[in-house]
Amino acid sequence: MIRLPSFAAMLLACLLCGCGTTPRRPDRPNVVQGTGEFQYRKYWREGESVYVRITSEAPAALILAAPDPWAEPVAVLELGQELRVLDPSSGTYVRVRTVGMGFDAEGWVWRPAVGKKKPADNADTREEWQREGATSAARDTGQPTVNPSELEAALQRLGNFEQSRADVSGGAAELVRRFRRFGEVGGLSDD
Amino acid sequence: MKTNKINVWVTRLMLGALVFSFTGCAFLMAANDALKEGKLVDNLEPSEEYYLGRGVSAVIIQNYEPIKIDTPKQETQIKYLNDMAGYIEKAAQGVTRSARKLGDHTDRSYDQQEHVYNLALHKGIQVGILNTEEVAAHGTPGGFLWLSYGAIHMCKNEDELAALVAHEMSHIILDHGMANYRSAHKSQIASSFASDHMFPGDSKFSNFGRLCVTGFESMRNGYNPGQEFEADNWGTRALAVSGYKPEAMVEVLTRVEEFEKAHEVKPEDYLAHHPPIHKRIDTVKELIKTEKLTVNPKSQTAEAIKARSDRFAAAFK
């Protein structure tokens, strides 16, 4: 039989959980009311530490000379690198200074590339996430299960592809210069 | 206003105490565990999304072999596509990621929207080519973008290829794959929890209850057509700010329409899961008109068109 008290508890859990099905709050609390002016929320205070969330292979893992995606790179950042916030009030970019890199670099970093939480070393959960992703994709494409040895072989091929691609691409600073050149040669960018 | 909020919480607490007295602690602890497990996938770090995306990509390349980068031609193709994707991603950094501003096609909670605003890719966007003439394109969590030779050859020039890249990239930037994964994961947890705790035993009522729960779960797992409209919207805006003509999105969608007419699209095909193409074309045309999206005039000079045409031909002709 259906347990009615249990159903009531489910209902209560649903009311309290705050998941995606709850009504949406205003889209962006940091849009100045009335003026329509767009302003990013001040995520951090001046002098606070933030940490790089992405690897040095990502083109966004850079300190740039100006708050502009095409500005010249000043330093390449490593995953987990600590940075000191100098100016949090800017929009898409935050002015930072390096901490403990052996040299002082100062400039602008793309805001989503850094976060307040130091990224955890997830070496022990990598395989679990890969398996989870494969199982989810297989389910979406109507495959009942994932063969572990076939998955292992596919991940190996993927690893080879990533390595070859990284070999022909170059590091983060080189990538940004190449992307900029791509826009200029194609007559796409204004610079 | 404040009093109202307090009243709501007092009512919720009283209701909670009442339900607790009926149900007992064990049930609520189980419910709490299920909720915690569901919330674990809400705010993954970029590295976790990357490894999850690796698993998804592994399944894709089980079905379609990616090209190896062994020859100068393949190196040119990979560099060309990755430079194009990197350029568009950088140029489109300022394009809105708000679900509402992108046409309200998807329903993101406040926290999910914040996650999209702060989405960063562990290793950036990595574009790979699938060695098949079937038309296939995938943007997976963690930044993997896969294009088949069939999809690339469908494009007649660089602008159309850029539209295809921008569309797939928007699935990554707007976290569509992760949203589907989260939804499926949570409905699976809810379904197994409800089956275990609300419909235990082997009576007819319990069996019927479990059947309903499973049906609900499979509904939640489904593909979300609204994401395609949102990806078209972001992709078209991204094209315009990158200097490409936004109409290239209409042109590439028209190519897909022609392909669909010329070939029988089977239910298991990639294109069978997309919303009607004519609706997407109309929506993009409307967006270009209402948002007054325009091309960078500098990109329309004979010299610029020739430069793009030459490098497109060098890679794929």
Side-chain angles (χ1 to χ4, degrees), chain A residues 1-3 5-10 12-13 15-17 19-20 22 24-25 27-28 53-55 57-60 69-70 92 112-113 119 122 126 129-134 136-138 141 146 150-151 154-155 157-158 161-162 164-165 168-169 175 178-179 182-183 185-190, chain B residues 12 15-16 19 22-23 27-28 31 35 45-48 51-59 61-62 66 69 75 78-79 82-84 86-87 90 93 98 100 109-110 112 118-124 126 128 181 184 197-199 203 205 209 242-244 296 298-299 301 303-304 307-308:
Chain A
M1 289 288 286
I2 301 170
R3 292 180 180 172
S6 302
F7 181 74
M10 278 294 284
L12 174 73
L15 284 170
L16 296 176
C17 94
C19 68
T22 49
R24 285 188 291 174
R25 281 175 272 176
D27 194 21
R28 207 146 179 92
R53 303 167 69 211
I54 52 181
T55 69
E57 287 176 52
W70 304 119
T92 315
N122 61 3
R126 282 173 194 172
W129 283 117
Q130 286 178 167
R131 233 184 358 262
E132 186 71 11
S136 157
T141 52
V146 180
E150 281 177 18
L151 176 63
L155 286 169
R157 287 206 303 280
L158 182 61
F161 161 76
E162 284 189 278
S164 320
R165 186 199 151 274
V168 299
S169 297
L175 279 175
R178 280 210 356 229
F179 298 160
F182 183 90
V185 171
L188 300 162
S189 50
D190 285 322
Chain B
R12 282 180 175 185
L15 186 64
V19 172
F22 273 112
T23 58
F27 178 86
L28 285 186
L35 286 174
E45 287 183 20
S47 63
E48 291 167 328
Y51 284 104
L52 198 125
R54 270 193 114 232
V56 176
S57 293
V59 171
I61 66 170
Q62 273 180 352
I69 313 171
E75 191 178 322
I78 288 291
K79 271 187 177 173
N82 279 278
D83 286 359
M84 178 191 280
Y87 167 71
K90 282 259 171 203
Q93 259 182 10
S98 156
R100 285 194 183 169
S109 71
Y110 178 82
Q112 286 162 358
N118 291 312
L119 191 130
L121 300 167
H122 189 58
K123 288 191 177 182
Q126 303 191 67
Y181 166 72
H197 293 86
M198 285 166 64
F199 308 110
S203 68
F205 284 113
S242 308
Y244 288 104
N296 180 357
K298 210 181 143 194
S299 75
T301 61
E303 196 186 338
R308 291 202 301 280

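Letters A, B, ... mirror the listed sequences (proteins, then strands); counts begin at 1.
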Check whether A:R165 reaches the backbone of B:Q126 with its side chain - one donor and one acceptor, N or O, closer than 3.5 Å. no
Which residues pass the ring-ring contact (aromatic ring centres under 6.0 Å, His included) test with A:F179, sequence neighbours left out? none
Chain A contact via B:N82 - side chain, backbone, both or neither, heavy atoms under 4.5 Å: both
Region of B:E75 that comes under 4.5 Å of a non-hydrogen atom in chain A: side chain
Please step through side-chain contact (heavy atoms from CB on, under 4.5 Å) for the pair A:L188 and B:S242, ending with a clear verdict. CA-CA 6 Å; A:L188 300 162; B:S242 308; 5.9 Å; no
Using a 4.5 angstrom heavy-atom cutoff, name the option from [options] with the most pairs to chain A.
options               : value
B:N296, B:I78, B:T301 : B:N296
B:P66, B:P46, B:S57   : B:P46
B:G53, B:A307, B:S47  : B:S47
B:A58, B:G243, B:G86  : B:G86

With respect to chain B, which residue among [options] yields the maximal number of heavy-atom pairs within a distance under 4.5 Å?
options               : result
A:A113, A:P119, A:A60 : A:P119
A:L175, A:I54, A:N122 : A:I54
A:R157, A:Q130, A:E57 : A:Q130

Restricting to non-hydrogen atoms, name the atom on [X] and the atom on [Y] that form the minimum distance, rounded to 0.1 Å.
X      : Y      : answer
B:K90  : A:W70  : CB-CH2, 3.3 Å
B:L52  : A:E132 : CD1-CG, 4.1 Å
B:A304 : A:G187 : CB-CA, 4.0 Å
B:G124 : A:A58  : N-CB, 3.6 Å
B:I69  : A:S164 : CD1-CB, 3.7 Å
B:D83  : A:R178 : OD1-NH2, 2.6 Å

What is the distance from atom [atom1] of [X] to atom [atom2] of [Y], rounded to the nearest 0.5 Å?
X      : Y      : atom1 : atom2 : answer
A:W129 : B:Y51  : CH2   : OH    : 13.5 Å
B:Q62  : A:L158 : CD    : CG    : 11.0 Å
A:R53  : B:H122 : CZ    : NE2   : 11.5 Å

A:L155 portion near chain B, given a 4.5 angstrom heavy-atom threshold: both
Residues that A:R131 engages under side-chain hydrogen bond (donor to acceptor under 3.5 Å, both in side chains), provided they are two or more places apart: none
